[in-house]
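In what follows, a structure is listed as structure tokens, so that the remarks can point back to it.
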Amino acid sequence: MAKHDIGPVGEIAPGQGKAYNVAGTFVVVYRLSDGYYATQARCPHMMGPLARGKILDDRLVQCPLHHARFDIRSGQVVDWANFPPGIQVLNIVRREKALSIYPVSEENGRIYVDI
Ligand code: FES
């Protein structure tokens with residue numbers, strides 16, 4: 001793993017996430033109440049863009065495509081794809097899968113992601 005400078009603290013609004021290409025890996029960096037976190041950028045269900053998802057309760061990201069919800073801090077699935085009704089049929093082949101997560105740190109006003 002190597003530490004990559006992705007930009008100044010404050011580039012991401014509180015309660016929001018932003019997509020970055022960090023050394024060829026697409027991630028979303030989220031700014032929650034207790035700091036910054038990073039997950040893979042594409043939903044493991046069908047590649048939905050998590051940077052366009054909703055952040056709920058200072059804890060979860062909801063995929064914009066079929067509403068799977070993940071715990072941002074751990075990457076664990078909280079609810080799997082459930083929208084629109086009927087999408088669950090696909091879940092036989094698209095099984096639950098957690099997000100990869102990456103350590104994020106702040107130093108001297110910059111944000112770093114370890115990949
Ligand atoms: S692509 Fe994310 S829930 Fe389907």
Side-chain angles (χ1 to χ4, degrees):
M1 290 231 272
K3 217 171 182 176
H4 301 274
D5 182 340
I6 61 159
V9 167
E11 202 168 70
I12 308 166
Q16 299 296 308
K18 192 171 173 193
Y20 293 88
N21 177 347
V22 183
T25 300
F26 292 95
V27 304
V28 178
V29 180
Y30 308 85
R31 184 172 173 188
L32 302 183
S33 61
D34 60 350
Y36 293 89
Y37 296 87
T39 70
Q40 67 186 66
R42 291 282 176 187
C43 178
H45 178 240
M46 292 180 73
M47 308 282 281
L50 295 177
R52 299 220 311 264
K54 282 187 187 160
I55 296 177
L56 305 168
D57 302 330
D58 191 43
R59 183 169 88 89
L60 307 176
V61 59
Q62 175 177 287
C63 177
L65 294 192
H66 314 110
H67 298 187
R69 293 177 176 181
F70 302 89
D71 186 300
I72 292 167
R73 292 174 179 85
S74 69
Q76 293 304 305
V77 176
V78 174
D79 291 305
W80 196 230
N82 58 59
F83 176 87
I87 192 78
Q88 290 89 341
V89 176
L90 254 186
N91 293 350
I92 296 163
V93 287
R94 298 280 183 185
R95 292 182 188 278
E96 284 191 22
K97 193 169 179 225
L99 297 176
S100 297
I101 57 172
Y102 304 93
V104 184
S105 54
E106 274 180 69
E107 272 172 45
N108 302 319
R110 312 277 310 171
I111 305 171
Y112 295 85
V113 178
D114 274 22
I115 289 195

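Start at 1 and go down the list; that is how both ligands and their atoms are numbered.
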Leaving waters out, which protein N, O or S atoms fall under 2.8 Å from atom 4 (Fe) of ligand 1?
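Listed by chain and number: His45 ND1, His66 ND1.
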
Is it true that Asp58 and Arg73 make a salt bridge, defined as a side-chain N closer than 4.0 Å to a carboxylate O?
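A salt bridge is present here (some side-chain N lies under 4.0 Å from a carboxylate O).
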
Tyr37 versus Asp71: any side-chain heavy-atom pair under 4.5 Å?
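No - every pair of side-chain heavy atoms lies 4.5 Å or more apart.
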
What I'd like to find out is whether the side chain of Leu32 reaches to under 4.5 Å of the side chain of Ile55, using heavy atoms alone.
yes

Using atom types as modelled and distance alone, determine if a side-chain donor or acceptor of Asn91 lies under 3.5 Å from a backbone N or O of Ala81.
yes

What residues form a salt bridge (Lys or Arg N to Asp or Glu O under 4.0 Å) with Arg52, not counting sequence neighbours?
none

Give the intermediate values and the outcome of side chain to side chain contact (heavy atoms under 4.5 Å, CB included) for residues Val77 and Lys97.
CA-CA 7 Å; Val77 176; Lys97 193 169 179 225; 5.7 Å; no

